[in-house]
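Only one structure is covered here, and it is reproduced in the block below.
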Amino acid sequence: MQKATSQILSALNTNNKKIIFTSGATEANNTAIYGICNKYLSDKKHIITTSIEHPSVLNCFKDLEKQGFEVTYLPVDKSGVINIVDLEQAIKHNTVFVSIMWVNNIVGTIMPIKEIIEVVKKHPRIKLHVDCVQGLGKIKNDFNFNDIDLITISGHKIEGLKGSGALILNNNIMLEPFVKGGHQQNNMRAGTVDLAGILGLTVAVKEVLKKQPDNYTYVSNLYHYLVNNLSGLNYLELNRNNEHYSPYILSITFKNIKAETVMHYLESFDIYVGIGSACNEKTKTVDPILEYMQNKTLAINTIRVSISKHNTKEEVDLLISKIKEIGEK
Ligand code: PLP
């Protein structure tokens with residue numbers, strides 16, 4: 001475990017950091033948020049996040065809000081990026097914690113982490129947490145990991161084992177344990193560690209960082225090929241930021257077709273896409289992020305395409321032709 005820790009830290013080029021190994025990013029996010037915020041349970045402070053975080057962040061903030069914390073949920077523009085001025089203006093004398101994701105898992109937009117670091121640095125009492133799950137090893141960091149107080153990563157997003165993840169944090173931060181019990185991991189996460197998962201995570205982090213530039217070029221080519229072929233089709237819209245995007249995720253909204261219908265149609269050709277809605281007539285539940293960014297009607301019509309280094313141009317061609325078939329029906 002010690003070797004794993006030092007190998008992950010050196011792969012990330014970090015120093016003065018330590019690692020809490022967890023069962024995944026959900027637990028790492030919970031550990032970071034409650035680990036810091038529970039220190040302020042008696043004098044509820046102000047904390048900041050964005051409106052489009054993963055539920056494992058957003059639901060913790062909602063819970064803390066119920067407990068009396070003052071929470072700012074930063075808005076995002078149409079493509080899913082915060083405005084750095086909004087962050088600057090949101091910070092108050094009693095702000096203690098900021099949590100902002102690197103890459104959004106639904107629409108693939110990239111948050112301005114470098115600028116966020118600059119802003120938060122001016123307030124040494126604020127701890128900065130970044131959910132790096134969708135960015136690590138996929139896109140190149142234009143910031144220094146050393147400048148982030150708490151970093152969340154997940155094993156299964158980088159070909160590690162499902163059920164592995166980690167919170168990487170500054171040596172001088174002690175967290176209130178989120179998982180309580182024995183004294184493992186410096187009293188910050190009780191329970192016997194999953195050593196196999198940790199070793200898998202270590203290999204995955206090293207490999208994915210080494211291959212990041214090549215994989216990026218490959219995936220980016222497929223992504224642009226897909227985007228070019230879908231742009232201008234009058235029955236769909238691409239939900240993307242032209243500048244700050246990850247080529248691993250493409251969100252597509254159909255004007256008049258339900259995402260579930262598109263998903264099942266594509267499924268019959270062995271193409272598997274994600275949808276943010278479970279829209280049976282009774283429940284009509286949609287992904288809260290999509291609902292926030294669009295509206296319920298459009299959110300129900302939105303699919304998410306994930307591209308990886310394992311995909312081929314032939315597969316993308318098939319996807320394009322099937323999207324056109326269903327759109328032009
Ligand atoms: N954060 C982001 C941005 C994610 O995309 C995910 C998973 O999809 C998670 C957190 C949760 O990760 P895990 O499945 O490891 O709990």
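Ligands are counted one by one from 1 in listed order, and the atoms in each one are counted from 1 as well. The analysis underlying the following values was restricted to heavy atoms, covering all of them including side chains, and did not include hydrogens, waters or symmetry mates. Here the structure is a predicted model, which means the values were calculated and not measured.
Aromatic ring centres of Tyr223 and Tyr245: separated by under 6.0 Å. Ring centroid separation for the pair Tyr216 and Tyr218 does not come in under the 6.0 Å cut-off.
Every heavy atom of Gly165 sits 4.0 Å or more from the atoms of ligand 1. Not a single heavy atom of Lys162 sits less than 4.0 Å from an atom of ligand 1.
For atom 12 (O) of ligand 1, the closest heavy atom belonging to the protein is Ala25 CB, 3.2 Å. Counting only heavy atoms of the protein, atom 5 (O) of ligand 1 lies nearest to Gln134 NE2, 2.8 Å. Nearest to atom 4 (C) of ligand 1 among the protein's heavy atoms is His54 CD2, 3.3 Å. Nearest to atom 3 (C) of ligand 1 among the protein's heavy atoms is Asp131 OD2, 3.5 Å.
Of the candidates Thr14, Asp149, Asn146, Asn16, Asp149 is the only one forming a side-chain hydrogen bond (donor to acceptor under 3.5 Å, both in side chains) with Asn170.
Considering backbone and side-chain N/O atoms, Thr26 comes within less than 3.5 Å of an N/O atom of ligand 1. Here's the thing with Lys157: one of its N/O atoms is less than 3.5 angstrom from an N/O atom of ligand 1.
Two residues are said to be in side-chain contact when any heavy atoms from C-beta on lie closer than 4.5 Å; Tyr265 and Glu325 meet this criterion.
Atoms of ligand 1 found under 4.0 Å from any heavy atom of Met101 (numbered from 1 in listed order, with element): 3 (C). Interface atoms of ligand 1 facing His156, defined by a heavy-atom separation under 4.0 Å, are 13 (P), 14 (O), 15 (O). Set against the non-hydrogen atoms of Gly24, the atoms of ligand 1 under 4.0 Å away are 15 (O). Heavy-atom proximity to Ser154, at under 4.0 Å, picks out these atoms of ligand 1: 13 (P), 15 (O).
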_Please evaluate residues Lys140 and Asp142 with respect to the criterion salt bridge (charged side-chain N to carboxylate O under 4.0 Å, His left out), reporting the C-alpha separation (whole Å), side-chain torsions for both, the decisive distance (0.1 Å), and the verdict._
CA-CA 6 Å; Lys140 187 158 173 44; Asp142 63 352; over 6 Å; no

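Contacts between Ser56 and ligand 1 below 4.0 angstrom, taking non-hydrogen atoms only, involve the side chain exclusively.
Taking the six-membered ring where tryptophan is involved, the planes of Phe254 and Tyr235 are essentially parallel, since the angle between them stays under 30° and well short of 60°.
Between the side chain of Asp63 and the main chain of Asn59, no donor-acceptor pair closer than 3.5 Å is present.
Within the structure, the side-chain hydrogen bond (donor to acceptor under 3.5 Å, both in side chains) test picks out no pair touching residues 114-127 (sequence neighbours left out).
Residues Ser246 and Gln134 bring no donor and acceptor atom of their side chains to less than 3.5 Å of each other.
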